[in-house]
Amino acid sequence: VNTLKISRDQLLDIFSSYGYIVYKTKYAKDGLIIDNPRRITSLEEYRNGYFIIQDESSMLVSQTIDPKEGSLVLDLCSAPGGKSTHMAQIMNNSGKIISRDIYSHKLHLVQENAHRLGIDIIETEIFDATKFDEKFREKADYCIIDAPCSGLGIIRRRPEIKWNRKEEDIQELTKIQWEIINNAKSYLKPGGVMVYSTCTISKEENEDMVNKFLLENSQFKLIGFEDKFNYKKNIEKSKDGYVQLFPHIHNTDGFFIAKFKKINS
């Protein structure tokens with residue numbers, strides 16, 4: 001739900017009046033689940049920017065980082081823009097979000113979504129997150145890395161992933177993830193916050209990546225985010241600074257979220 005334009009309860013009532021089977025997400029504060037979403041993008045409410053479509057797990061990234069109004073945020077792998085636009089609404093459309101990706105046609109989706117939702121604090125840039133950008137050294141208050149990954153957490157929606165992934169793919173992806181997270185760490189101001197997320201259940205891309213990063217970067221620590229969730233069942237690890245979500249437990253995509261704080265320069 002785009003809370004810049006409408007409340008969750010108001011939109012739920014509108015959907016219900018149209019005959020949709022709709023209820024609130026458990027973990028995401030701004031989410032609704034619709035069991036029969038036929039022609040939902042044809043609705044006037046969609047054209048008017050009252051909502052954007054994404055999985056509940058993706059909503060939790062912005063909810064976890066919880067950026068403050070007036071902040072500078074870097075979204076390093078941003079397309080199609082669901083997390084950037086959600087952060088913008090959490091920030092009450094005040095501050096600046098730099099949304100980057102390596103493909104111009106994907107950044108066009110970010111721009112389209114932001115325009116439809118009535119958000120004007122997002123600036124899009126074509127940039128390869130594996131490269132370092134000196135101009136943002138210690139400039140950002142927040143940094144999001146929704147990293148390229150094996151996608152093993154979205155097999156329920158894209159079953160072909162089972163046949164297209166090889167062990168070598170994960171090894172190559174962990175190299176890319178490592179490059180990105182090591183660039184992101186230098187963009188943060190002291191006291192800045194970084195969230196690393198993937199849509200996979202692969203330990204090498206998730207817990208192992210986090211542990212290796214902490215081992216080599218003593219100026220960072222994990223910070224708990226259980227206070228960001230109203231419903232706390234099956235997310236106990238969030239108090240330790242990370243959580244692994246599973247379709248059969250959380251009714252979301254298989255998704256990993258870790259939250260770091262930079263404790264000195």
Side-chain angles (χ1 to χ4, degrees), residues 2 4 49 52-55 58-149 151 172-199 205 209 213 217 220 257-262 265:
N2 179 11
L4 295 171
I52 187 170
I53 301 167
Q54 61 182 166
D55 189 76
S58 295
M59 302 177 203
L60 298 178
V61 175
S62 305
Q63 186 170 309
T64 293
I65 200 166
D66 194 23
K68 302 299 180 258
E69 290 185 30
S71 302
L72 174 62
V73 182
L74 298 184
D75 188 349
L76 298 181
C77 311
S78 68
K83 296 174 185 65
S84 285
T85 54
H86 192 190
M87 286 189 294
Q89 72 181 59
I90 291 170
M91 295 162 64
N92 200 28
N93 202 31
S94 170
K96 181 183 285 189
I97 299 173
I98 308 295
S99 298
R100 290 179 155 183
D101 208 275
I102 56 175
Y103 300 112
S104 60
H105 68 279
K106 288 189 174 183
L107 285 176
H108 185 63
L109 295 174
V110 181
Q111 295 162 353
E112 282 184 343
N113 276 319
H115 178 72
R116 184 174 60 82
L117 296 165
I119 289 164
D120 58 16
I121 64 167
I122 294 174
E123 296 181 12
T124 57
E125 293 181 355
I126 297 175
F127 198 86
D128 182 351
T130 64
K131 311 291 189 240
F132 183 68
D133 188 354
E134 183 64 40
K135 75 179 180 185
F136 282 116
R137 183 184 291 275
E138 295 202 339
K139 293 288 197 303
D141 300 294
Y142 302 92
C143 195
I144 278 191
I145 308 157
D146 188 33
C149 71
E172 188 60 35
L173 284 162
T174 56
K175 293 176 186 175
I176 294 170
Q177 293 155 358
W178 184 248
E179 289 175 349
I180 295 173
I181 197 171
N182 272 284
N183 286 333
K185 71 183 183 185
S186 299
Y187 297 146
L188 284 177
K189 298 174 181 176
V193 172
M194 175 171 72
V195 163
Y196 172 84
S197 67
T198 70
C199 58
E205 299 172 79
M209 183 66 59
F213 181 78
N217 293 277
F220 281 83
I257 304 171
K259 185 175 184 179
F260 303 87
K261 185 170 185 177
K262 191 173 190 177
S265 59

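The shown structure was predicted, so the numbers you read here are calculated from the model rather than taken from an experiment. All values below were derived from every heavy atom in this structure, side-chain atoms included, with hydrogens, water molecules and symmetry-related copies excluded.
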query = Which residue pairs pass the salt bridge (charged side-chain N to carboxylate O under 4.0 Å, His left out) test when at least one of the two sits in residues 188-197, sequence neighbours left out?
reply = Asp141-Lys189

ask   = Among all residues two or more places apart in sequence or in another chain, which pass the ring pair (Phe, Tyr, Trp, His ring centres under 6.0 Å) test with Phe220?
value = Phe213

ask   = To the nearest 0.5 Å, how far apart are CG in Leu74 and OG in Ser84?
value = 10.0 Å

task = Decide yes or no for Val193 and Pro67: does some side-chain heavy atom of the first lie under 4.5 Å from some side-chain heavy atom of the second?
result = no

message = I need the Arg137 CZ to Asn183 CG distance, nearest 0.5 Å.
response = 9.5 Å

inquiry  = Going by side-chain hydrogen bond (donor to acceptor under 3.5 Å, both in side chains), name the residues that satisfy it together with Lys68, two or more places apart in sequence or in a different chain.
reply    = Asp66

message = Among residues at least two apart in sequence or on other chains, which ones pass side-chain hydrogen bond (donor to acceptor under 3.5 Å, both in side chains) with Asp133?
response = Arg100

message = According to salt bridge (charged side-chain N to carboxylate O under 4.0 Å, His left out), who are the partners of Lys83, at least two apart in sequence or on a separate chain?
response = Asp146

inquiry  = A side-chain contact here means heavy atoms from C-beta on lying under 4.5 Å apart; do Ile121 and Val73 qualify?
reply    = no

task = Report yes if some heavy atom in the side chain of Asn2 is under 4.5 Å from a heavy atom in the side chain of Ile52; otherwise report no.
result = no

request  = Side-chain contact test, heavy atoms from C-beta onward, threshold under 4.5 Å: evaluate it for Gln89 versus Leu117 and give yes or no.
outcome  = no

message = Measuring from atom NE2 of His86 to atom CG of Asn113, what distance do you get when rounded to the nearest 0.5 angstrom?
response = 13.5 Å

Those residues that, when tested against Tyr142, pass ring pair (Phe, Tyr, Trp, His ring centres under 6.0 Å) (two or more places apart) = none

query = Who are the salt bridge (charged side-chain N to carboxylate O under 4.0 Å, His left out) partners of Glu179, not counting sequence neighbours?
reply = none

ask   = If you count the non-hydrogen atoms of other residues, nucleotides and ligands that lie under 6.0 Å from NZ in Lys139, is the total more than 12?
value = yes

request  = Not counting sequence neighbours, which residues clear side-chain contact (heavy atoms from CB on, under 4.5 Å) with Ala79? List them please.
outcome  = Asp101, Lys106, Val110

Partner residues of Asn92 under the side-chain contact (heavy atoms from CB on, under 4.5 Å) criterion, sequence neighbours left out = Leu4, Glu69

remark   = Residue pairs meeting ring-ring contact (aromatic ring centres under 6.0 Å, His included), one or both in residues 108-137, sequence neighbours left out, come to Phe132-Tyr187

inquiry  = Among residues at least two apart in sequence or on other chains, which ones pass side-chain contact (heavy atoms from CB on, under 4.5 Å) with Ala114?
reply    = Thr85, Ile119, Ile122

key: Pairing residues for Ile180 by the side-chain contact (heavy atoms from CB on, under 4.5 Å) criterion, not counting sequence neighbours   = Leu76, Cys77, Ala129, Thr130, Ile145, Pro148, Ile176

Pair Thr124-Gln111, side-chain donor/acceptor within less than 3.5 Å = yes

query = Would you say the side chain of Thr198 lies within less than 4.5 Å of the side chain of Met209, judging by non-hydrogen atoms?
reply = no

